[in-house]
Participant: 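One structure, as structure tokens, below. Some questions next.
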Amino acid sequence: MQMTTQVNEAYRTLKSPVRRAGYLLELNGVDVGSETNTAMPPEFLMEQMELREKLEETHDAASLAVIEKDVLNKKQKIEAQIAESIDAKRDFESAKDLVRKLMFLEKFGEEIGAAYESLEA
């Protein structure tokens, strides 16, 4: 039973880009510090505020789809940057910052999902 739990946990870690990158950083002695370090670059925070404003103003599925696509594109770019930072450059510190940005976008993606659900209700 314990082995099954470990396999399932490993699968969840490998499946999630955020968890996978966090694990790779941990293996290389870098703590993402997502619980204790919440400082982000001001331009990134402004971008997040603008996305949230758009989300609050959106009341139809077509507009949500546009926001969702934009967020997905941003996530894919950051995932590519993380891969380059970890694999090619071995620059774990900048990968750490990118992982934290990706975490913000993942959370925002959940908010988009909730917005879709509220449209259906």
Side-chain angles (χ1 to χ4, degrees):
M1 182 71 169
Q2 186 179 22
M3 230 11 178
T4 302
T5 302
Q6 289 175 334
V7 168
N8 288 335
E9 180 63 24
Y11 175 75
R12 282 190 292 276
T13 298
L14 292 173
K15 185 178 175 187
S16 164
V18 169
R19 290 178 67 168
R20 185 173 57 247
Y23 180 73
L24 289 172
L25 290 175
E26 184 181 310
L27 285 176
N28 287 282
V30 177
D31 179 20
V32 174
S34 57
E35 295 84 25
T36 57
N37 185 359
T38 57
M40 295 296 288
E43 62 276 354
F44 181 77
L45 293 174
M46 287 299 295
E47 184 179 307
Q48 296 306 300
M49 287 173 43
E50 289 170 8
L51 282 171
R52 282 190 166 65
E53 287 174 7
K54 283 183 188 176
L55 184 61
E56 288 175 10
E57 295 168 358
T58 299
H59 303 291
D60 61 277
S63 298
L64 277 177
V66 170
I67 295 170
E68 184 176 41
K69 184 177 180 184
D70 182 39
V71 170
L72 180 61
N73 288 335
K74 290 177 189 308
K75 285 171 52 178
Q76 289 172 337
K77 286 178 185 174
I78 290 175
E79 287 171 11
Q81 291 172 331
I82 290 169
E84 183 173 328
S85 291
I86 291 175
D87 296 335
K89 296 179 180 176
R90 312 281 299 160
D91 181 358
F92 303 118
E93 284 302 314
S94 64
K96 175 179 77 170
D97 295 336
L98 291 166
V99 168
R100 291 182 52 248
K101 286 181 179 181
L102 187 58
M103 292 169 76
F104 268 75
L105 292 174
E106 291 264 323
K107 175 81 169 126
F108 188 70
E110 293 171 9
E111 292 175 29
I112 292 172
Y116 273 120
E117 288 178 13
S118 70
L119 288 178
E120 294 172 2

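In this text, all values refer to a predicted model and were calculated from it rather than measured experimentally. Hydrogens, waters and symmetry mates play no part in the numbers below; they use all other heavy atoms, side chains included.
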Participant: To the nearest 0.5 Å, what is the distance between CG (Leu55) and CD (Glu50)?
Facilitator: 13.5 Å
Participant: Taking all non-hydrogen atoms of both residues, which atom of Ile82 and which atom of Ala95 are closest, and how far apart?
Facilitator: CG1-O, 4.4 Å
Participant: Rounded at 0.5 Å granularity, tell me how far CD in Glu93 sits from CG in Leu25.
Facilitator: 8.5 Å
Participant: How long is the straight-line distance from OG of Ser16 back to CG of Leu102, given to the nearest 0.5 Å?
Facilitator: 8.0 Å
Participant: Any side-chain heavy atom of Met103 sitting closer than 4.5 Å to one from Val32?
Facilitator: yes
Participant: Taking atom CD of Glu68 and atom CG of Asn73, what is their separation to the nearest 0.5 Å?
Facilitator: 11.0 Å
Participant: Around atom OH of Tyr23, are there more than 12 heavy atoms of other residues, nucleotides or ligands at under 6.0 Å?
Facilitator: no
Participant: Check whether any side-chain heavy atom of Gln48 sits under 4.5 Å from a side-chain heavy atom of Leu105, and report yes or no.
Facilitator: yes
Participant: Is there a chain of hydrophobic side chains (I, L, V, M, F, W, Y, each step under 4.5 Å between heavy atoms) that links Ile86 to Leu27?
Facilitator: yes
Participant: Between Asp97 and Lys101, does at least one N-O distance fall below 4.0 Å, as a salt bridge requires?
Facilitator: no
Participant: Checking Phe104 against Leu45 for the side chain to side chain contact (heavy atoms under 4.5 Å, CB included) test, could you report, in this order, the C-alpha distance in whole Å, the side-chain angles of both residues, the deciding distance, and whether it holds?
Facilitator: CA-CA 10 Å; Phe104 268 75; Leu45 293 174; 4.2 Å; yes
Participant: Between Ala61 and Leu119, which heavy-atom pair has the shortest distance, and what is it?
Facilitator: N-CD1, 3.5 Å
Participant: Would you check if Glu106 and Phe108 make a side-chain contact, meaning some heavy-atom pair closer than 4.5 Å?
Facilitator: no
Participant: What's the shortest heavy-atom distance between Ala115 and Ser118, and which atoms?
Facilitator: O-OG, 2.8 Å
Participant: Measuring from atom CD1 of Ile112 to atom NZ of Lys54, what distance do you get when rounded to the nearest 0.5 angstrom?
Facilitator: 10.5 Å
Participant: Any side-chain heavy-atom pair from Leu98 and Ser85 closer than 4.5 angstrom?
Facilitator: yes
Participant: Hydrophobic clusters here meaning ILVMFWY residues chained together by side-chain heavy-atom distances under 4.5 Å, can you tell me if Val18 and Leu72 are in one?
Facilitator: no
Participant: Nearest 0.5 Å, please: how far is CZ in Arg100 from CD1 in Ile78?
Facilitator: 12.0 Å
Participant: Looking at Val66, is its backbone amide N or carbonyl O close enough to the side chain of Asp70 to form a donor-acceptor pair, meaning the two atoms are under 3.5 Å apart?
Facilitator: no
Participant: Test your reading of the model: is there a side-chain donor-acceptor pair from Asp60 to the backbone of Ala62, 3.5 Å cut-off?
Facilitator: yes
